[in-house]
Amino acid sequence: MVQVIKNALLTNGQKADILIENGRIKDVVADAGSFYPVLADAEGMYVSPGWIDLHTHAFPKYKLYCAVPDKIGYQTGVTTVVDAGSSGADTIEEFHQIAKAAKTRVLAFLNISRIGLKQMDELADINNISWNAIQNTAADYPFFIIGLKARMSASVVGDNGLKPLHLAIKYSKALRKPLMVHVGSAPPMLEEILPLLKKGDILTHCYHGKHANHILKPGGEVASALAEAVQRGIYLDVGHGKSSFSFPVAKKAMGSGISFDTISTDIYEENQVNGPVYSIAATLTKFLALGYSLEAVIRAVTEIPAQVLKQPKLGNFHRGSYAEFTFFTVEHQQKTLVDSMGNEIITNQVIKPQAVYLGNEYIELEKHYSYE
């Protein structure tokens, strides 16, 4: 049976009716008339493809970085959460069972360390990186595992330097899957990491403000290694997190013409409740406040992450794509927004998710929004 979502306001300013059949998009038309049963009337709301959060921690096992998928997923307007390396090969079966039980779609970057985030220096022991474990796990869960994750911070790799990254690149090439690389406190240095990444890999925390290892040179210009990586086809992901997003770095990058590809939260229970992340909507609102258009901001949580993940049936309104949508408003409301470094910016417009369509169900969201 064909059903219709009426009066959807798209981010390009046009209004449309969205036709749905058997959980897929049948068509998007200016006016479907009154022929089909109305699934939802979106009058007064924007409708986009379902939001994709490319960097989350949706595995509730390990206390420091953990969350229940639906609490950071559909309940906040996100229809697909992508876990960024919470689980390694040792716990992927447990995580997969949790993911299957969630209403939210859950995908995962597999931590190259088989222990995942069981401890915070998971790459300090090179013996935790097993090609056999990675290869077998990727073969067992080909649709769940969409890539590999390597955290390249001093506190994570210990004395191993770039060794874990070399292995991660080798293994991701063998699997023909993208590699997401976390960059933070040096060593290793960003200038060492970037030339090693291949087209289609993802640099997350691209706007972090950690001393001497972010994307800007002391003079404020964008590092040449970053510009070269972008030219080569490396994706830049925001990965806000508790300590990995700086308004000044993001502003200077914007002024230099180097922009994010995807906006993600690096959300988990603690930074959802206590900030500064709170929600994907709060993170998107920060980029509106920086001067990006609504269309660009929403593309960064729909179309672009779907491309990064090689998921052509997500993130778009194409005929045959999954009928997964986020309904939201942009409301005039003054808010003070805070980055991970304590810097503040004031905005007069706030993105608020109102409902999702997911699993053939229209779900109105509870009207509570966290921004502070």
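For reference, positions follow the sequence shown, starting with 1.
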When you look at Glu331 and Thr329, which way does the side-chain hydrogen bond (donor to acceptor under 3.5 Å, both in side chains) test go after all the steps? CA-CA 6 Å; Glu331 301 184 10; Thr329 54; 2.9 Å; yes
Worked check of side-chain hydrogen bond (donor to acceptor under 3.5 Å, both in side chains) between Ser246 and Lys251: CA-CA 9 Å; Ser246 163; Lys251 285 179 183 177; over 6 Å; no
Just list the side-chain donor-acceptor pairs under 3.5 Å for residues 37-46, sequence neighbours left out, or say none.
residue, atom, partner, partner atom, Å
Asp41, OD1, Asn7, ND2, 2.9
Asp41, OD1, Glu43, N, 3.0
Glu43, OE1, Lys15, NZ, 3.0
Glu43, OE2, Lys15, NZ, 2.8

List, one per line, each side-chain donor-acceptor pair under 3.5 Å for residues 136-145, sequence neighbours excluded.
residue, atom, partner, partner atom, Å
Asn136, ND2, Asn132, O, 3.1
Thr137, OG1, Ala133, O, 2.6

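A heavy-atom distance below 4.5 Å is not found between the side chains of Asp237 and Phe260. Side-chain atoms of Ile193 and Val181, non-hydrogen and from C-beta on, do get closer than 4.5 Å to each other. By the 4.5 Å heavy-atom criterion applied to side chains, Gln334 and Ile346 are counted as neighbours. Under the 4.5 Å side-chain criterion, counting only non-hydrogen atoms from C-beta, Ser86 is not in contact with Lys149. No side-chain heavy atom of Thr265 sits under 4.5 Å from any side-chain heavy atom of Ser279. A heavy-atom distance below 4.5 Å is found between the side chains of Phe328 and Trp51.
Taking the six-membered ring wherever Trp is involved, the centroid distance between the rings of Tyr357 and Tyr362 does not fall below 6.0 Å. Side-chain rings of Phe245 and Phe287 approach one another, their centers coming within less than 6.0 Å. In summary, the aromatic rings of His205 and His55 are positioned with their centroids under 6.0 Å apart.
In terms of modelled atom types and a separation under 3.5 Å, the side chain of Thr80 and the main chain of Ile52 share no donor-acceptor contact.
Identified under the salt bridge (charged side-chain N to carboxylate O under 4.0 Å, His left out) test for residues 262-290, with sequence neighbours left out: Lys242-Glu270. Among pairs with a residue in residues 49-74, those fulfilling salt bridge (charged side-chain N to carboxylate O under 4.0 Å, His left out) read Lys61-Glu94, at least two apart in sequence or across chains. Legend: salt bridge (charged side-chain N to carboxylate O under 4.0 Å, His left out) pairs involving residues 117-127, not counting sequence neighbours, sorted by first then second residue: Glu122-Arg151. Within the structure, salt bridge (charged side-chain N to carboxylate O under 4.0 Å, His left out) pairs that include any residue of residues 167-195 do not occur (at least two apart or interchain).
Residue Gln231 qualifies as open at atom CD: its count of foreign heavy atoms under 6.0 Å is 12 or below.
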